[in-house]
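Below is one structure, written out as structure tokens; comments come after it.
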Amino acid sequence: MIRSLSIFICSTILSFTAYAQYSVSLSTGISYDIKNAGNYNFFHLPVSLEWSAPMANEHLCFLFKSTYSIAVGGEGADEAYTLNPALPGMVYVQKSIHSSLFLCSIGLRTYFKPNKKKGRFFIDLFPLGLYTQNFLVKYKNYDKTNYDIINPDVGVSYSALAIASSVGYSIPVKKNDLLIEFNANAPVSSNSFLSSNGYALSYNSAAPLELTVGYNLNYGK
Amino acid sequence: MGNNMKQKYLYRLLLLVGVFFSITGCQPVRNLYPYPYNPGLSKFTARGYGIVSTYINDSPYVNPYSGYSFYGPPAFGNAQVALTINHTSTTFDTLEISWYVTPNFSATSYYYGYSYIDFFMPVPKSFSEDDLLSWRLKRFPEDDTTETVSVGITSNGNYNSTPLLGPGSIYFVRIDPQGTAGAPQQYIFSGLFQGTTGDSLHITKGRFDFIITPSTLNY
């Protein structure tokens, strides 16, 4: 699988025309995880590095993109109970769930109304990606001697294939571009999101919506 | 080796693989999820995992498990909770809640010395399914009543011997309908317990999580 993927990527890159203008961009912004929106507000600070090369013509590009998202926030509370009659039977214990996400994907970019001097819209499609999501759970001020948390959460590390897409606008700045993008990405096959030993969790795998601004550096012909 | 011989061995191999997957595929889930804050115990859950775990004199005990139906008795999968109403000639009947437990290090075998933990709770003669369901989020013994909860331990699997009795307490944290309503309706039955028996056996950090069918009790 990995070998086939490597061959596909190499052959695709080598097939680019010699006169193409390549570009590399760095972008950042804010993202919100819509899959956990009912239970938790998971915000992230995504940092993306993207490399692109024109394919059949200058309006169609091959893309390689990697994004690392740093957790911002992610708070919740679980119920804890005690048999000690001198204490309240139930209290809430605050917990923090910090998730760090890493996505590597390849795809295509199509430009619309191409006018490089005035700016242009584009759509990215990433049919193939690899997502790694790490969740870290911590309980705060938990009286372990007297209380027991019911259905306590645990952290989990999770990898899966992913799909992603973006819409954006490219504004020329001298010979380079300013990119404003709206991205959506999600792992596939994550319906039963469990810890490694099958224990059910209160949160799901992340599927963030991102709004990013980046700078695109063109090079080559 | 002739073709017929090769086919014969191939069929045997396929049969063995089939039997292996039949056995392992039917194996029930243990659902014992270690809790790092209480080594040897399972997490306190309310999902119908079919697990009870507790410390007896600081040693971890859990209910035993049988992975295969022919490996029994007495049960297939996790040993379940037993709820019984003992009808008496006194003013109150007794609700008995009973679990098998065995030392955690031998939790995969029925053939190791195990113990029974029994809770005995006085209930009125008119005790009904609705009364049991109303115990959600109740701690026993309650502060404002004179009722007492007894806990007993019967050691070495000798269920006929008289259990060592002592004061206990139990907290019914969840008695919640499980899944879609059916006939009879099942409930998640989850909570905490502790107690002392025979002045020397201390039950601490007990937690249970089962699915029960309250309508089938012998009211």
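Only the backbone of B/I170 comes within contact range of chain A, with at least one heavy atom under 4.5 Å from a heavy atom of that chain. Of the two parts of A/A200, the backbone and the side chain both hold a non-hydrogen atom closer than 4.5 Å to a non-hydrogen atom of chain B.
Using a 4.5 Å heavy-atom cutoff, the side chains of A/I149 and B/K43 are not in contact. Under the 4.5 Å side-chain criterion, counting only non-hydrogen atoms from C-beta, B/N38 is in contact with A/D148.
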Given A/I150 and B/T45, is the side-chain contact (heavy atoms from CB on, under 4.5 Å) satisfied, shown in steps? CA-CA 5 Å; A/I150 194 164; B/T45 55; 5.9 Å; no
Evaluate the criterion side-chain contact (heavy atoms from CB on, under 4.5 Å) for residue pair B/R47 and A/N151; output intermediate values, then yes/no. CA-CA 8 Å; B/R47 290 171 176 153; A/N151 300 329; 3.6 Å; yes
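Identified by a heavy-atom distance below 4.5 Å to chain A, the contributing residues of residues 49-60 of chain B are B/Y49, in residue-number order.
When every heavy atom of B/K205 is checked against every heavy atom of A/T145, the shortest pair comes out as NZ-O, 3.1 Å. Closest approach of A/N84 to B/R139, counting heavy atoms only: O-NH1, 2.9 Å.
The number of heavy atoms from other shown groups lying within 6.0 Å of OH (A/Y215) is above 12.
Side-chain atoms of A/Y81 and B/R207 include no donor-acceptor pair closer than 3.5 Å.
Distance check, rounded to the nearest 0.5 Å: OG1 of A/T82 to CG of B/L192 gives 7.5 Å.
When B/Y37, B/Y35, B/Y33 are compared by the number of non-hydrogen pairs under 4.5 Å with chain A, B/Y33 comes out ahead.
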